[in-house]
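A quick write-up on the structure given underneath.
The chain is numbered in sequence order, starting from 1.
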Amino acid sequence: VQLQASGGGLVQAGGSLRLSCAASVPTFSNYVMGWFRQAPGKEREFVASTAWNFASKYYADSLKGRFTISKDKAKNTVFLQMNSLKPEDTGVYYCAAKRGYGLGPDGYDVWGQGTLVTVSS
């Protein structure tokens, strides 16, 4: 099982980026897919999650309204749309997966390699 995140880059404050996470295993039937991020010098934090076979989503309170998680099951890909980006959104963004249905930030055991997002002021 492998995850590969992409779509990071340099963007000005106020801009948008869409990150993608491609999963190598096509049958993530009972998985929860999540996004995390790690800013320079800080611990990794939860961003958002979605259940693979349900419409349910869960967001970090501080990011609601600016970030949106979605998925394309036909392409085995999860997306993170990030709008109104701020310099404090800078960091490495990781996609992750775990078995089950809980949308909380714990229990993820499959991780992608991360993609760097840099937001300039």
Side-chain angles (χ1 to χ4, degrees):
V1 174
Q2 292 184 328
L3 304 174
Q4 185 166 353
S6 61
L10 175 64
V11 62
Q12 288 188 333
S16 299
L17 276 177
R18 188 177 80 157
L19 305 183
S20 299
C21 176
S24 64
V25 180
T27 55
F28 271 45
S29 58
N30 64 332
Y31 273 73
V32 170
M33 306 296 291
W35 284 99
F36 292 75
R37 68 182 185 182
Q38 187 166 20
K42 295 187 177 181
E43 294 186 353
R44 187 166 57 193
E45 65 173 343
F46 172 79
V47 174
S49 62
T50 184
W52 190 248
N53 265 347
F54 299 92
S56 51
K57 301 177 183 180
Y58 181 63
Y59 294 94
D61 288 341
S62 62
L63 300 175
K64 286 180 181 178
R66 293 197 300 124
F67 287 18
T68 303
I69 190 170
S70 62
K71 59 184 180 278
D72 184 337
K73 293 177 66 176
K75 296 182 178 179
N76 293 307
T77 302
V78 179
F79 303 101
L80 183 69
Q81 178 67 42
M82 307 185 293
N83 298 327
S84 303
L85 284 163
K86 306 174 182 179
E88 51 264 43
D89 293 318
T90 294
V92 178
Y93 283 69
Y94 299 89
C95 60
K98 61 177 176 177
R99 290 181 179 85
Y101 301 98
L103 296 178
D106 300 320
Y108 289 85
D109 56 359
V110 181
W111 293 86
Q113 86 289 2
T115 185
L116 177 63
V117 172
T118 303
V119 184
S120 63
S121 57

Tell me whether [X] contacts the main-chain N or O of [Y] through its side chain, where contact means a donor paired with an acceptor under 3.5 Å.
{"X": "Tyr108", "Y": "Trp35", "value": "no"}
{"X": "Lys98", "Y": "Val110", "value": "no"}
{"X": "Thr77", "Y": "Lys75", "value": "yes"}

Practice task
Start with the C-alpha gap between Leu80 and Met82, add the side-chain angles, then the distance that decides, and say whether side-chain contact (heavy atoms from CB on, under 4.5 Å) holds.
Solution key: CA-CA 6 Å; Leu80 183 69; Met82 307 185 293; 3.9 Å; yes
Problem - Aromatic ring proximity, centroids under 6.0 angstrom, Phe46 and Phe36 - result: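 Yes; Phe46 has its ring centre under 6.0 Å from that of Phe36.
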Compare all side-chain heavy atoms of [X] with those of [Y] and state whether any distance is below 4.5 angstrom.
{"X": "Met33", "Y": "Leu3", "value": "yes"}
{"X": "Asn53", "Y": "Asn30", "value": "no"}
{"X": "Val117", "Y": "Val92", "value": "no"}
{"X": "Tyr59", "Y": "Ile69", "value": "yes"}

Problem - Single-linkage hydrophobic cluster, 4.5 Å side-chain cutoff, Phe67 and Leu103 together - result: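 No, it is not one cluster - the side chains of Phe67 and Leu103 are not joined through contacts under 4.5 Å.
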Exercise for the section: Examine Tyr94 and Leu116 and state if one hydrophobic cluster contains both, with Ile, Leu, Val, Met, Phe, Trp and Tyr joined whenever side-chain heavy atoms are less than 4.5 Å apart. Expected result: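 They do share one cluster, since a chain of ILVMFWY contacts under 4.5 Å joins Tyr94 to Leu116.
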Exercise for the section: Starting from the C-alpha separation in whole Å, work towards a yes-or-no answer on side-chain contact (heavy atoms from CB on, under 4.5 Å) for Leu19 and Arg37. Expected result: CA-CA 12 Å; Leu19 305 183; Arg37 68 182 185 182; over 6 Å; no
Practice task
Indicate yes or no: does Arg66 engage Asp89 in a salt bridge with an N to O separation below 4.0 Å.
Solution key: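 Between Asp89 and Arg66 there is a salt bridge, with a charged N closer than 4.0 Å to a carboxylate O.
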Practice task
Name all pairs fulfilling the disulfide bond (SG atoms under 2.5 Å apart) condition that reach into residues 50-79, sequence neighbours left out, sorted by first residue then second.
Solution key: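 Counting only pairs at least two positions apart or across chains, no disulfide bond (SG atoms under 2.5 Å apart) contact touches residues 50-79.
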Practice task
Working to the nearest 0.5 Å, report the span between NZ of Lys57 and OG of Ser70.
Solution key: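 Interatomic distance, Lys57 NZ to Ser70 OG, rounded to 0.5 Å: 6.0 Å.
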Problem - Under the side chain to side chain contact (heavy atoms under 4.5 Å, CB included) test, residues paired with Lys71 that sit two or more places apart - result: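 If we apply the side chain to side chain contact (heavy atoms under 4.5 Å, CB included) test to Lys71, skipping adjacent residues, the hits are Thr50, Trp52, Lys73, Val78.
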Problem - Ala13: side chain to side chain contact (heavy atoms under 4.5 Å, CB included) partners, not counting sequence neighbours - result: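 Side chain to side chain contact (heavy atoms under 4.5 Å, CB included) list for Ala13, sorted by chain: Pro87, Val119.
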Handout entry: Minimal non-hydrogen separation, Val32 against Ser49, with atom names
Key =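 That closest heavy-atom pairing would be CG1-CB, 4.0 Å.
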Practice task
Identify the two heavy atoms, one from Gly104 and one from Tyr58, that lie closest to each other, and give their separation to 0.1 Å.
Solution key: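 Of all heavy-atom pairs spanning Gly104 and Tyr58, the closest is CA-CE2, 4.1 Å.
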Problem - Partner set under side-chain hydrogen bond (donor to acceptor under 3.5 Å, both in side chains) for Asn83, not counting sequence neighbours - result: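 Asn83: side-chain hydrogen bond (donor to acceptor under 3.5 Å, both in side chains) contacts with Ser16, Gln81.
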Handout entry: By salt bridge (Lys or Arg N to Asp or Glu O under 4.0 Å) - contacts of Lys64 (at least two apart)
Key =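 Listed in chain order: Asp61.
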Practice task
Report the relative orientation of the aromatic rings in Tyr101 and Phe54; use parallel for angles under 30°, tilted for 30 to 60°, perpendicular for over 60°.
Solution key: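 Taking Phe54 first and then Tyr101, their aromatic rings stand perpendicular (interplane angle over 60°).
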Practice task
Give the intermediate values and the outcome of side-chain contact (heavy atoms from CB on, under 4.5 Å) for residues Asp109 and Arg99.
Solution key: CA-CA 8 Å; Asp109 56 359; Arg99 290 181 179 85; 4.2 Å; yes
Exercise for the section: Compute both the distance and the angle, then confirm whether Arg18 meets the cation-pi test with Phe79: under 6.0 Å from the six-membered ring centre, within 45 degrees of the axis. Expected result: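 That pair qualifies as a cation-pi contact.
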Exercise for the section: Kindly state each residue pair satisfying side-chain hydrogen bond (donor to acceptor under 3.5 Å, both in side chains) with at least one member in residues 112-121, sequence neighbours excluded. Expected result: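 Applying side-chain hydrogen bond (donor to acceptor under 3.5 Å, both in side chains) to every pair that reaches into residues 112-121, excluding sequence neighbours, yields nothing.
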